[in-house]
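Presented below is the structure to which this report refers.
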Amino acid sequence: MQNITVIGAGTMGNGIAHTFAQHGYKVFLNDISGSALDKAISTIETNLDRLVAKEKISLEVKTNTLDNIITTVDLKQAVASADLVVEAATENLDLKLKIFKSLDNYCNDNTILATNTSSISITKIATALSNPERLIGMHFMNPVPIMPLVEVIKGYNTSETVLMQIMKLCESISKIPVEVNDYPGFIANRILMPMINEAIESLFQRVAGVKQIDSVMKLGMAHPMGPLQLADFIGLDVCLFILKVMHDGFKNPKYAPCPLLVNMVTAGKLGVKSGEGFYDYSTSRKADQVAKQFS
């Protein structure tokens, strides 16, 4: 397995492409937007420069990594010789089904197909394929080049052969694969999102303030980042989406998103990417200043 195609040039897509390319794989990075691809390469180069400055990699590794990545807006061209395709598009079921229907037509029969979804059912996405046995979930963590975990999700029809190949592949890019089964939220988000939601609920009920809630979890539970800061980093819209998936999938009220989270997303307060969430990021991406409405 040498040729990897990554679909989607956003935060997760460019991180996945960077990681495979840095470990010697040839990568096609595909997106419908040429400007998104240009931005992705710029981001990858910046991240590589940071690694060079910290003496984590050499200039030669940086050059080889960039040389290993080819960008294209042509999906058919991108997957023509792929051994593995990793879809990292927006968390939208209809979009993913559309992409995988195209992949079913464009890819060789022996190409393994993976989705980086953080919560959508692998089994449901696999309905777009004539051979659902070759689809698997590869849930990378953000930032991809740094975080060691890959949550490997086996759909109802995923073959054992595909599972074993992906587990070995993850190890080849210095990741630690952890196998889980296909249920809403998998494991990472099934545990993480209720914690974040409860932190938001505690803020909503004025049990404590933003910094107080985050400080308790950092100082008392040894979390490197408090739950409200983490929610801002992930994106409040993403948190809301995942909670809705779990609430719909389990029909359990404990997964119902807090009204404060719903209102913040509706108002466009999405966290770091919008400049404001529970913290104000107008002058710095660090969570130093609590957002005005919570101060």
Side-chain angles (χ1 to χ4, degrees), residues 1-31 36-54 56-57 61-62 64-71 78 82-91 96 99 112-120 122 136-153 166-180 186-189 192 224-225 229-235 238-239 241-242 271-273 285:
M1 194 178 292
Q2 286 298 318
N3 299 315
I4 312 294
T5 297
V6 179
I7 299 173
T11 300
M12 297 306 294
N14 74 60
I16 295 167
H18 170 167
T19 301
F20 275 111
Q22 188 174 319
H23 285 82
Y25 290 89
K26 300 298 181 183
V27 179
F28 265 101
L29 179 58
N30 168 260
D31 198 284
L37 290 169
D38 292 340
K39 182 179 178 181
I41 294 299
S42 176
T43 298
I44 292 169
E45 187 165 12
T46 298
N47 290 337
L48 288 167
D49 284 337
R50 189 176 294 116
L51 292 173
V52 171
K54 293 179 179 180
K56 296 286 184 70
I57 64 171
V61 170
K62 173 195 168 181
N64 290 341
T65 299
L66 292 172
D67 287 345
N68 281 336
I69 303 173
I70 298 172
T71 61
D83 299 309
L84 169 70
V85 178
V86 182
E87 172 270 318
T90 305
E91 283 287 83
K96 291 182 187 297
I99 290 171
I112 295 175
L113 305 178
T115 173
N116 182 57
T117 181
S118 58
S119 59
I120 299 173
I122 309 303
I136 195 165
M138 293 181 75
H139 181 204
F140 289 84
M141 304 293 130
N142 185 29
V144 180
I146 304 300
M147 298 293 281
L149 174 67
V150 178
E151 196 175 25
V152 179
I153 306 104
I166 293 303
M167 297 291 277
K168 289 179 181 178
L169 179 69
C170 289
E171 292 172 355
S172 77
I173 56 172
S174 301
K175 299 299 182 187
I176 301 173
V178 177
E179 177 190 349
V180 304
F186 315 132
I187 288 296
N189 282 318
L192 174 63
M225 190 182 294
Q229 182 187 356
L230 181 55
D232 277 354
F233 179 72
I234 294 168
V238 176
C239 294
F241 175 83
I242 295 169
V272 176
K273 62 186 171 185
R285 287 175 63 90

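In this chain, residues are counted from 1 in sequence order.
Proximity of M138 to L84: side-chain heavy atoms (C-beta onward) are separated by under 4.5 Å at one or more points. For the pair N30/I7, a side-chain contact is recorded, criterion being any heavy-atom separation below 4.5 Å from C-beta on. L169 is not listed as a side-chain neighbour of I112, based on a closest heavy-atom distance of 4.5 Å or more. Side-chain contact between E87 and L113 is absent, with no heavy-atom pair separated by less than 4.5 Å.
Between I122 and I153 the shortest heavy-atom distance is CG1-CG2, 3.5 Å. Of all heavy-atom pairs spanning A9 and A40, the tightest one is O-CB, 3.5 Å. For the residue pair G24 and Q2, the shortest heavy atom distance occurs at O-OE1, 4.0 Å. Taking each heavy atom of E171 and P177 in turn, the nearest pair found is CG-CD, 3.9 Å. Here the closest non-hydrogen pair linking F140 and N116 is N-OD1, 2.8 Å. For the residue pair I69 and A21, the shortest heavy atom distance occurs at CG1-CB, 3.5 Å.
K175 is linked by a salt bridge (charged side-chain N to carboxylate O under 4.0 Å, His left out) to nothing, counting only residues two or more places apart in sequence or in another chain. Under the side-chain hydrogen bond (donor to acceptor under 3.5 Å, both in side chains) criterion, S118 pairs with E91, not counting sequence neighbours. The salt bridge (charged side-chain N to carboxylate O under 4.0 Å, His left out) search around D49 returns K62, not counting sequence neighbours. A search for side-chain hydrogen bond (donor to acceptor under 3.5 Å, both in side chains) contacts involving T65 returns nothing, not counting sequence neighbours. With sequence neighbours excluded, the residues satisfying side chain to side chain contact (heavy atoms under 4.5 Å, CB included) with N47 are H18, T43, R50. By the salt bridge (charged side-chain N to carboxylate O under 4.0 Å, His left out) test, E151 pairs with no residue at all, sequence neighbours left out. Taking the side chain to side chain contact (heavy atoms under 4.5 Å, CB included) definition, one finds that V238 meets it with I234, I242, K273, sequence neighbours left out. A search for side chain to side chain contact (heavy atoms under 4.5 Å, CB included) contacts involving K56 returns L51, K54, not counting sequence neighbours. Residues satisfying the side-chain hydrogen bond (donor to acceptor under 3.5 Å, both in side chains) criterion with D31, sequence neighbours excluded, are absent altogether. With sequence neighbours excluded, the residues that form a side chain to side chain contact (heavy atoms under 4.5 Å, CB included) with K26 are N3, N68. Residues meeting the ring-ring contact (aromatic ring centres under 6.0 Å, His included) test with F186, sequence neighbours left out: none. For Y25, the ring-ring contact (aromatic ring centres under 6.0 Å, His included) partners at least two apart in sequence or on another chain are F20.
For the pair N14 (side chain) and I44 (backbone), a donor-acceptor distance under 3.5 Å is absent.
To the nearest 0.5 angstrom, I99 atom CD1 is 8.0 Å from T90 atom OG1. Interatomic distance, OG1 of T5 versus CD1 of I70, reported as 9.5 Å (0.5 Å rounding). Interatomic distance, T19 OG1 to M147 CE, rounded to the nearest 0.5 Å: 12.0 Å. Separation of atoms CD1 (I16) and CG (L29) is listed at 10.0 Å; rounding is to 0.5 Å. Atom CZ of F28 and atom OG1 of T71 lie 9.5 Å apart (nearest 0.5 Å). Atom SG of C170 is separated from atom CD1 of I166 by 6.5 Å, given to the nearest 0.5 angstrom.
Using a 3.5 Å distance cut-off with no hydrogens or angles, the side chains of H23 and S172 do not pair a donor with an acceptor.
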